[in-house]
Visitor: 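Right, I'll just put the structure down here and ask away after.
Just so it is clear: chains get the letters A, B, ... in the order the sequence lines come, proteins before strands, and each one is counted from 1. Note that this is a predicted model, so its numbers are computed, not measured.
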There are 2 protein chains.
Amino acid sequence: MLSLSKKTDYGLLALSHLTKLKEGEAASARELAIEFAIPTELLAKIMQRLARADIVRSISGPSGGYRLSRPAKEISIASVISAIEGTPAFTQCTKSDGTDCDQLTRCTIRKPLAHIHAKILQMLSLITLAEFDESDSTTYPVVLMSQAAKPRTTTVMPLYGHKNED
Amino acid sequence: MLSLSKKTDYGLLALSHLTKLKEGEAASARELAIEFAIPTELLAKIMQRLARADIVRSISGPSGGYRLSRPAKEISIASVISAIEGTPAFTQCTKSDGTDCDQLTRCTIRKPLAHIHAKILQMLSLITLAEFDESDSTTYPVVLMSQAAKPRTTTVMPLYGHKNED
DNA sequence: TCGGTCTCCGACTAATTCAGTCGGATATAC
DNA sequence: GTATATCCGACTGAATTAGTCGGAGACCGA
């Protein structure tokens with residue numbers, strides 16, 4: 001459904017918290033987990049991945065924790081998604097280089113889909129954590145559809161005349 | 001991983017084939033399934049959904065089959081995804097109206113994520129089946145990253161320094 | 001009118017992915 | 001040395017997705 005996993009949600013949430021810390025401060029995984037009501041062990045695992053991707057830096061020992069490894073404006077949403085979920089792929093084909101769908105030699109849609117995928121990725125790579133928090137104060141550079149902020153997803157895309165849930 | 005399901009892949013593939021049919025022609029589900037090496041019953045099911053969403057029109061009886069219910073240039077990728085996968089949601093929060101994550105009252109990321117989601121959806125709603133096929137001849141209006149056509153996904157986003165697969 | 005071919009539909013099972021848990025290792029401040 | 005922190009892999013259960021099965025109704029041609 002073109003959606004991010006819960007893990008990524010959690011990760012972004014934690015990162016957005018780290019963004020607000022002052023220089024030198026760190027927040028422990030448990031602290032963050034309690035703050036946002038996320039299972040402690042799960043968030044710990046997510047933070048480990050972010051650490052491995054050098055998005056956060058870990059400080060061991062008591063009074064340790066995590067802090068951003070570089071300024072929030074240098075951390076893109078795309079890199080966060082990639083760190084937590086692994087290599088993103090828009091279609092099944094684009095995961096490998098297409099050798100596994102050799103049955104579909106007549107696959108005419110791979111190329112256009114790859115383009116779309118790239119465009120989405122580029123968009124996500126232009127949005128940083130810094131902009132994420134700015135949007136609290138209703139200024140957000142990526143806004144295109146004003147109705148997007150509405151909670152009801154059904155009405156987000158007026159294009160969808162008919163929907164069926166499985 | 002921000003990816004489309006296989007069903008959607010199959011659906012787009014079938015639709016791209018229907019696009020090439022002449023006026024009055026129809027292709028049966030089985031015909032399409034054999035053509036693209038897709039399980040017959042599965043594709044039949046996908047076509048049914050597309051029919052329900054009025055993207056294709058079904059013709060019963062022998063010598064029947066499916067054809068597009070309107071010109072390819074009036075069928076957006078977004079509507080196809082929506083028809084096959086149901087209401088798209090970028091995050092878990094945006095699926096319902098947020099009542100189920102009331103634990104996350106401090107959720108500061110919902111709004112910016114909703115914006116990103118809307119932007120992706122808008123992009124997909126601007127691309128039609130017609131453009132899908134034009135791209136065979138290397139002219140494609142949505143191109144932004146030229147390297148996107150490369151098969152190797154690892155190099156698509158140079159931003160991703162570190163990736164880990166689960 | 002009868003049989004074959006088609007769409008149509010829902011329910012079912014299998015396979016895969018995702019969320020969350022557990023146990024144990026290492027690092028460090030007090 | 002001990003308590004608290006990260007770290008890491010392996011495991012289980014839940015949820016989603018892929019694919020299957022069986023049967024009903026529509027339609028064309030003989």
Visitor: Checking side-chain polar atoms at under 3.5 Å, does A:Thr8 have a donor or acceptor matched by the opposite partner on A:Ser5?
Guide: yes
Visitor: Honestly curious: do A:Ile81 and A:Leu68 fall in one hydrophobic cluster under the side-chain, below-4.5 Å linking rule?
Guide: yes
Visitor: Whole Å only: how far is the CD1 atom of B:Ile38 from the C1' atom of D:dG19?
Guide: 12 Å
Visitor: Can you tell me the distance, in whole Å, between the CD atom of A:Glu31 and the C1' atom of D:dT6?
Guide: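 Going from A:Glu31 (CD) to D:dT6 (C1'), I get 14 Å.
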Visitor: Rounded to whole Å, how long is the line connecting atom CZ of A:Arg67 with atom C1' of D:dT6?
Guide: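 From A:Arg67 CZ to D:dT6 C1': 14 Å.
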Visitor: Applying a 4.0 Å non-hydrogen cut-off, can you work out what A:Ala29 is touching in the nucleic acid: base, sugar-phosphate, or nothing?
Guide: sugar-phosphate
Visitor: Where the side chain of B:Pro39 is defined as all heavy atoms beyond and including C-beta, which of C:dC9, D:dC7, D:dT20 is the nearest nucleotide?
Guide: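 Of C:dC9, D:dC7, D:dT20, D:dT20 is nearest to the side chain of B:Pro39.
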Visitor: Measuring only between side-chain heavy atoms, which start at C-beta, is B:Leu18 closer than 4.5 Å to B:Tyr66?
Guide: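 With C-beta onward as the side chain, the pair touches.
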Visitor: From the options D:dG19, D:dT6, C:dT7, select the nucleotide whose nearest atom is closest to the side chain of B:Leu42.
Guide: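 Out of D:dG19, D:dT6, C:dT7, the nucleotide with an atom closest to B:Leu42's side chain is D:dG19.
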Visitor: Answer yes or no: does a side-chain N or O of A:Arg30 lie under 4.0 Å from OP1 or OP2 of D:dT4?
Guide: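 It does not, given that no N or O in the side chain of A:Arg30 lies less than 4.0 Å from OP1 or OP2 of D:dT4.
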Visitor: Give the rounded distance in Å between these two atoms: CD1 of B:Ile84 and C1' of D:dG19.
Guide: 15 Å
Visitor: Check every atom of D:dA3, C:dC18, D:dG19 against the side chain of A:Ser5 and return the nucleotide holding the closest atom.
Guide: C:dC18
Visitor: Looking only at side-chain atoms of B:Ser28, point me to the closest of D:dG19, C:dC6, C:dG23.
Guide: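 Comparing D:dG19, C:dC6, C:dG23 against the side chain of B:Ser28, the answer is C:dC6.
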Visitor: B:Gln48 has an atom CD; how far is it from atom C1' of D:dG19, in whole Å?
Guide: 14 Å
Visitor: Report whether A:Leu21 and A:Val80 are members of the same hydrophobic cluster (ILVMFWY, side-chain heavy atoms less than 4.5 Å apart, transitive linking).
Guide: yes
Visitor: Ignoring backbone atoms, establish whether B:Lys6 has a side-chain N or O less than 4.0 Å from OP1 or OP2 of D:dG19.
Guide: yes
Visitor: Choose from D:dT6, C:dT21, D:dC21 the nucleotide whose nearest atom is closest to any side-chain atom of A:Tyr66.
Guide: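 Nearest to the side chain of A:Tyr66 among the choices is D:dT6.
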Visitor: So if I take every side-chain heavy atom of A:Lys45 and compare against D:dG19, C:dT21, D:dT6, which nucleotide ends up nearest?
Guide: C:dT21
Visitor: If each of A:Ser63 and A:Thr8 is mapped to the nucleotide of DNA chain C with the nearest heavy atom, which maps nearer the 5' terminus, i.e. the 5' end?
Guide: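 The residue whose closest nucleotide sits nearer the 5' end is A:Thr8.
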Visitor: Nearest of D:dC27, C:dG23, C:dA29 to any side-chain atom of A:Glu41?
Guide: C:dG23
Visitor: Can you check whether A:Ser76 reaches A:Ser79 side chain to side chain, under 4.5 Å on heavy atoms?
Guide: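 Touching, per the 4.5 Å side-chain cut-off.
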Visitor: What is the distance from CE of A:Met47 to P of C:dG20, rounded to the nearest Å?
Guide: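 So the two atoms are 16 Å apart, to the nearest Å.
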Visitor: So, is A:Tyr10 close to the C:dG20 phosphate, meaning a side-chain N or O under 4.0 Å from OP1 or OP2?
Guide: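 Answer yes for this pair, as a side-chain N or O of A:Tyr10 is under 4.0 Å from OP1 or OP2.
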Visitor: Atom CG of B:Leu32 to atom C1' of C:dT7: distance rounded to whole Å?
Guide: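 Roughly 13 Å, once rounded to whole Å.
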Visitor: In whole angstroms, how far is the C1' atom of C:dG20 from the CD1 atom of A:Ile46?
Guide: 10 Å
